[in-house]
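The block underneath contains the structure these notes are about, expressed in structure tokens.
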Amino acid sequence: MIIVIALLLEASILKYVNDKNAHRTSKVLLDRVITVLDKNDESRNELIESLKDDYIVRAKAVSYMIDADPAVEYDVKELQKIAKLMAVDEIHLFDDQGTIYSGSAPRYFGYNFDSGTQMEYFKPMLKDKSLTMCQDVTPNTAEGKKMMYAITWNEDGTKMLQVELSQRDFSMK
């Protein structure tokens with residue numbers, strides 16, 4: 001009887017110790033997972049900021065190209081070629097009132113900063129020509145497709161140039 005009680009006591013002690021070790025191990029592993037997830041979020045946020053910087057550079061480069069050769073400003077085919085060269089899906093040119101008047105996709109001509117929530121984001125550009133903006137991935141006004149837009153004023157402040165990239169280009173969200 002004493003042996004049975006001793007064995008039961010030993011089994012209980014071993015179970016308690018094993019449960020405590022399993023709990024501690026689980027907590028350590030959970031802490032590691034949380035740390036990895038936090039680092040992934042940081043990396044994702046850094047990547048998004050890097051992409052935004054890159055898209056702003058592309059918008060500025062396209063703006064410089066158009067300023068250098070004004071003949072392409074209204075030439076849809078040439079703007080489509082520039083879009084392909086710059087690895088953007090579309091180029092939109094806005095007048096100083098925030099209306100698309102030209103670009104690589106004529107179906108959007110006439111849209112303006114009052115056409116929808118996605119486009120309203122850029123309204124501050126009308127008051128401050130020193131701004132250059134890049135939007136997070138957002139459904140576009142026309143079709144609700146997830147897009148990212150970067151926009152800048154040209155050198156002389158007469159028009160804004162926007163480049164658009166669809167979600168397939170940055171599948172992070």
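In this chain, numbering begins with 1 at the start of the sequence shown.
Here the CD-CG distance, from Glu42 to Leu47, works out to 13.5 Å after rounding to the nearest 0.5 Å. A distance of 9.5 Å separates CG of Leu30 from CG of Leu37, quoted to the nearest 0.5 Å. Taking CD1 from Ile82 and CE from Met65, the interatomic distance works out to 6.0 Å, rounded to the nearest 0.5 Å. Residue Met133 holds its CE atom at 9.5 Å from CG of Asp128, rounded to the nearest 0.5 Å. Atoms CD and CG, from Gln135 and Asn140 in turn, are 9.5 Å apart once rounded to the nearest 0.5 Å. Taking OH of Tyr74 as the start and CD1 of Ile66 as the end, the distance is 11.0 Å to the nearest 0.5 Å.
Looking at Glu10 and Leu14, their side chains come closer than 4.5 Å, going by heavy atoms from C-beta outward. No side-chain heavy atom of Thr158 sits less than 4.5 Å from a side-chain heavy atom of Asp95. Counting only heavy atoms from C-beta outward, the side chains of Glu155 and Tyr64 approach each other to under 4.5 Å. For the pair Tyr101 and Lys159, the minimum side-chain heavy-atom distance is below 4.5 Å. Counting only heavy atoms from C-beta outward, the side chains of His23 and Asp19 never approach each other to under 4.5 Å. Annotation: side chain of Tyr121 is not in contact with side chain of Thr138 (no heavy-atom distance under 4.5 Å). No side-chain heavy atom of Phe94 sits under 4.5 Å from any side-chain heavy atom of Thr99. Within the 4.5 Å cutoff, no side-chain heavy atoms of Pro139 are placed close to those of Lys145.
The number of heavy-atom neighbours closer than 6.0 Å to CG of Leu8, taken from other residues, nucleotides and ligands shown, is above 12. The environment of NZ in Lys52 is crowded: more than 12 heavy-atom neighbours from other residues, nucleotides or ligands sit within 6.0 Å.
A side-chain donor-acceptor contact under 3.5 Å links Asp156 and Asn154.
With hydrogens and angles disregarded, no donor-acceptor distance shorter than 3.5 Å links the side chain of Gln162 to the backbone of His92. Side-chain atoms of Lys129 come within 3.5 Å of backbone N or O of Gly157 as a donor-acceptor pair. With hydrogens and angles disregarded, no donor-acceptor distance shorter than 3.5 Å links the side chain of Trp153 to the backbone of Leu161. Checking side-chain atoms of Ser104 against main-chain N and O of Ile91 turns up a donor-acceptor pair under 3.5 Å.
Of the candidates Thr152, Ile151, Val163, Ser63 forms a side chain to side chain contact (heavy atoms under 4.5 Å, CB included) with just one, namely Thr152.
The heavy-atom pair separating Ile56 from Ala150 by the smallest distance is N-CB, 3.9 Å. Here the shortest heavy-atom pairing between Arg58 and Ala87 reads NH1-O, 2.6 Å.
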The test is side-chain contact (heavy atoms from CB on, under 4.5 Å); show your working for Val36 and Asn40 and say whether it passes. CA-CA 6 Å; Val36 167; Asn40 286 349; 3.9 Å; yes
Run the numbers on Glu73 and Ser102 for side chain to side chain donor-acceptor pair (under 3.5 Å), then give the verdict. CA-CA 7 Å; Glu73 184 173 348; Ser102 185; over 6 Å; no
So Leu85 and Lys81, side-chain contact (heavy atoms from CB on, under 4.5 Å) or not? Walk me through it. CA-CA 6 Å; Leu85 173 71; Lys81 288 178 188 176; over 6 Å; no
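Remark: Lys27 does not engage Asp31 in a salt bridge, criterion side-chain N to carboxylate O under 4.0 Å. A salt bridge does not link Lys123 with Glu120: every distance from a Lys NZ or Arg NE/NH1/NH2 to an Asp or Glu carboxylate oxygen is 4.0 Å or more. Ion pairing between a basic and an acidic side chain is recognised when a charged N comes within 4.0 Å of a carboxylate O; Arg107 and Glu90 show such pairing.
Cluster membership for Tyr55 and Val137, using ILVMFWY side-chain heavy atoms within less than 4.5 angstrom, is shared.
Relative ring orientation between Tyr149 and Phe122 is described as perpendicular, the plane-to-plane angle rising above 60° on a 0-90° scale split at 30° and 60°.
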